[in-house]
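Structure first, commentary second.
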Amino acid sequence: MTETRGLKLNAITVLGGAIGVLSASLPWLLFRPNRLVQGDALAVWQLSGPWHWLALVAWALIGLSGLWRSSLRGYVGTALLVGAIAAIALTISSNAALLLSGAGEFARVSVSGGVWLMLLAIYIAAFGVGTEMKFAAPMVLLALLATFVLGAYSRLGPAVEYAAVSDTFFTELLRHFALSIAAVIVAVVIGVPLALLAVRNSRLEGLVLGGAGLLQTIPSLALFGVLLAPLAWVGRSVSVGAVLAIIVIGALLSFAISRLPVSGLSGVLPVRFALVGVTALVALPMLAVLIYNALIGNLGGLAAFVQPAALLSSAGIRGIGAAPALVALTIYALLPIVVNTFVGMKSVPEGVIDAAKGMGMNQRQVFLRAELPIAIPAMLTGLRGATVLSFGLTTVAALIGGGGLGFFILRGVDANAPDLILVGAAPIVILALVIDALLRALSAVVTPKGLR
Amino acid sequence: MIEFIGVSKSYNAGTVILNDISLTVERGELVILIGPSGCGKSTLLRLVNRMIAPSSGQILIGGKDSALLDPVELRRGIGYVIQSIGLFPHMTIFENVEVVPSILGTQKAERRSRAESLLHTVGLEPGVYGSRYPRALSGGQQQRVGIARALAADPDVMLMDEPFSAVDPITRGGLQDEFLRIKTEINKTIVFVTHDIDEAIKIGDRVCVLNAGAVQQFDTPEALLRAPANDFVASFLGEDRELKRLSLMPVTALMRIPPSNAGEARGQVLASSSARDALSQLMGASGRELNVMDVAGNVIGLIAMSDYGRNP
Ligand SMILES: Nc1ncnc2c1ncn2[C@@H]1O[C@H](COP(=O)(O)OP(=O)(O)O)[C@@H](O)[C@H]1O
Ligand SMILES: [Mg+2]
């Protein structure tokens, strides 16, 4: 500790600069004259204009700034980094323009390994410089954002593909959301009561947990195949009124049984379960389709629910489309919800429940005041898992005409257009991460302080 | 008043946990249930607040058949301290103590001031501990909160299942002393489970010794130590049961009224000491007799080893 507290070398900044320089060893851009050829990788020296050389000089200087023992290096480093970003953006936009001019409708330019490596270098260097200049990271983010907004990448493949599908992009995005969210809501409606049942009744434990696990293993294509015929038949032959009648009668019957003086008899419970089960089986797909139609704002589909004579197909229940997708997604979302609810409820200490009962809480109070607050963090973990999983899996809905972002992926695969695949896939990844972060934040808010 | 009338409990496989128990806990009395682990103490206790239903027999609480009362209502009128403490981890100490009043709809301010005074009663400073969460408290402190929580609705009856089990012997001794003080303050009917015979003798008005689901003896600690009903009770009380009895007896019960040689230079023992402490001092003292002194410093009697032979 007797040494002077002078600046040492900033190894992270040096590493960032070195990686930036190293990116020259990989091609920066990829040019495909049409969708049938493999395309040419363009190395740094094959690019035109001065900007790529300036970018490389900036990287070298950034690396050197890490060795420079001056208190100014944080500012200089930040400025160089912003400069490098500008130079890279200009390289990309000017070269893309040059390559595409007169190259035809299906010519595409994409970024290649060197640019991805520079992205890593930006991340590392921003981190290194950020230790000396606290605004480095925000400045870098701002610079990246500015290059986006100013359209530096608008001629790259994914941007071109996006522009071509931009009229349907938001429709499919909304459908994607609606499918995932409707499925998760229905999975919560099914999964939470089932998990609570499994917690209270150890004989059902294996059945519920095992069942949810088993359902998870069914391949989605097989599920679509199995669902196709029955859903198509139900949609063609059953009316909305019939389903509503079954739901109302089922609900009334099971309520009546619960009020009967014989409701404690051992034979009555299975009958009630069966009744609730059948009613739920009819009601839940309806609920899923209803939520889905509400979320995408499909008023025609919603209107069918109040027309008893209308066939289910007009409400959206058909062999293909949203209905089978919703059923499949609900089934897959079940496992994380059931398992985490079960685990959360099991984590409530025996003594806490005993004390709660012993001090005169009724069943509802024991659940709401003692068990739920302790179980809720785990339950939210399940909800988060189910939502993220569902968001990814909704991609397969496109296979059966359910729409969603998977639509672009399928079309990209068909057309041999990797940039179009990216248009579908990138938002899924980004939104999944955003949803994950939001639900984490929610979980942090809802978790009782004493349990953190 | 709590009356067990011919109460039995068995679980399905025909194993009898409690066999035809009849006993009465008087109003304001502290009855100890004691016996080896697994003998059915907790089961007997939990029959009172209907956490468990008897297989046969009746339990009367204040003269009413508990089977006819609503279990939730019944429990709200009975304080229950469970063996594993069972504080709510997601609630502060204040919130834990206020649970029952809040269920009963007591106003917030009233609840809080009651919780504060109860925490004082169990020896926890509300300003320091009230806003903490249970995990920030030691085992002994948590047990005190458990007791405060059970007292919160001011129940007539308290059921306490090994409430001092989670603490080391020294803390436990302190808690017992405090409990005796609280007991005179709160004046409740208390059924108290323990497996520690010293604790039973120290705090019980009467002690019920259980074994294998049956009452072996139900009497005052003094009577129990003087005349154990059978070999099981005798062995449960331990080889030193006469010494334990001495610890319940004041030295004044054994002393001789001072004869003419009063005032001779001897060792001294306070009149408030137990006969056991006096014996211990006699064994360590050089003289053969001790003066028994009152608080004012007067010699009110003499005690010697030989006096212990005339054990009443
Ligand atoms: N739900 C139950 N089913 C079967 N046996 C039980 C049950 N609860 C307790 N027991 C048995 O009853 C006996 C008495 O238990 P308990 O009253 O808890 O004993 P303790 O005196 O240690 O408090 C034990 O042997 C225990 O195994
Ligand atoms: Mg016990």
Side-chain angles (χ1 to χ4, degrees), chain A residues 192 196 199-203 259 261 263-266 269 340-341 343-383 440-452, chain B residues 42 45-46 48-52 69-104 131-137 142-143 145-153 155 158-163 166:
Chain A
V192 171
L196 295 182
V199 171
R200 307 261 185 260
N201 186 336
S202 56
R203 270 182 305 169
R259 288 292 144 133
S263 64
L265 292 185
S266 60
L269 203 63
N340 285 285
T341 306
V343 167
M345 292 295 289
K346 280 281 175 190
S347 76
V348 181
E350 203 70 54
V352 167
I353 299 173
D354 208 40
K357 276 187 203 156
M359 63 179 56
M361 289 192 193
N362 59 33
Q363 237 183 348
R364 221 184 97 243
Q365 287 164 333
V366 172
F367 179 67
L368 290 179
R369 288 179 181 242
E371 295 177 296
L372 194 60
I374 298 173
I376 202 110
M379 291 169 77
L380 281 176
T381 302
L383 182 70
R440 263 177 211 281
L442 176 70
S443 178
V445 171
V446 177
T447 303
K449 228 178 125 201
L451 297 177
R452 272 177 221 159
Chain B
S42 296
L45 191 76
R46 289 159 68 85
V48 177
N49 60 357
R50 289 190 60 188
M51 294 294 280
I52 297 176
L69 303 171
D70 174 44
V72 168
E73 284 301 318
L74 174 72
R75 289 174 198 149
R76 286 181 187 169
I78 297 177
Y80 183 33
V81 181
I82 67 166
Q83 199 168 346
S84 55
I85 311 177
L87 294 186
F88 300 123
H90 55 290
M91 296 183 190
T92 64
I93 300 308
F94 274 141
E95 287 165 349
N96 264 284
V97 177
E98 292 169 26
V99 165
V100 180
S102 87
I103 292 175
L104 297 174
S131 312
R132 288 199 191 169
Y133 285 91
R135 59 157 186 217
L137 266 58
Q142 290 189 16
Q143 290 200 315
V145 177
I147 294 168
R149 180 173 70 172
L151 286 168
M158 290 276 283
L159 307 175
M160 308 180 78
D161 199 346
E162 309 201 15

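Note on naming: letters A, B, ... go to the chains in the order of the sequence lines (proteins, then strands), and numbering restarts at 1 for each one.
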Legend entry - Which portion of B/Leu74 sits near chain A, non-hydrogen atoms under 4.5 angstrom: neither

Inset, instruction - Determine the option with the most heavy-atom pairs under 4.5 angstrom with chain A, choosing from B/Ala153, B/Pro89, B/Ser84. - result: B/Pro89

Legend entry - Residue selection (most heavy-atom pairs with chain A, distance under 4.5 Å) from B/Ser102, B/Gly146, B/Gly79: B/Ser102

Inset, instruction - Return the minimal non-hydrogen interatomic distance between B/Val72 and A/Gly360, and the atom names on each side. - result: CG1-O, 3.3 Å

Legend entry - Minimum heavy-atom distance A/Gly351-B/Ile82, with the two atoms named: O-CD1, 3.1 Å

Legend entry - B/Tyr133 versus A/Gly450, closest heavy-atom pair with distance: CD2-CA, 3.1 Å

Inset, instruction - Can you see which heavy atom on A/Gly358 is nearest to which on B/Asn49, and at what distance? - result: O-ND2, 4.1 Å

Inset, instruction - Go through A/Lys449, A/Met361, A/Met359 and name the one with the most non-hydrogen pairs under 4.5 angstrom from chain B. - result: A/Met359

Legend entry - Residue, of B/Arg50, B/Glu73, B/Arg75, that accumulates the most heavy atom pairs under 4.5 Å with chain A: B/Arg75

Inset, instruction - Tell me, for B/Ile78 versus chain A, whether the close heavy atoms (under 4.5 Å) come from the side chain, the backbone, both or neither. - result: backbone

Inset, instruction - Heavy atoms only: give me the nearest B/Arg149-A/Ala355 pair and the separation to one decimal. - result: NH2-CB, 3.4 Å

Inset, instruction - Mark yes when over 12 heavy atoms from residues, nucleotides or ligands other than A/Arg364 sit less than 6.0 Å from its CZ; otherwise mark no. - result: no

Inset, instruction - For each of A/Gln363, A/Glu350, A/Gln365, A/Arg369, tally heavy-atom pairs with chain B at distances under 4.5 Å, and name the one with the top tally. - result: A/Arg369

Inset, instruction - Among the options A/Thr447, A/Leu451, A/Asp354, A/Asn362, pick out the one with the most heavy-atom pairs lying under 4.5 Å from chain B. - result: A/Asp354

Inset, instruction - Of all the heavy-atom pairs spanning A/Pro373 and B/His90, show the shortest one and how long it is. - result: CB-CD2, 3.4 Å

Legend entry - Interchain contact, B/Arg132 with chain A, by part (heavy-atom threshold 4.5 Å): neither

Inset, instruction - Might you confirm whether atom CZ of B/Arg135 has over 12 heavy atoms from other residues, nucleotides or ligands at distances under 6.0 Å? - result: yes

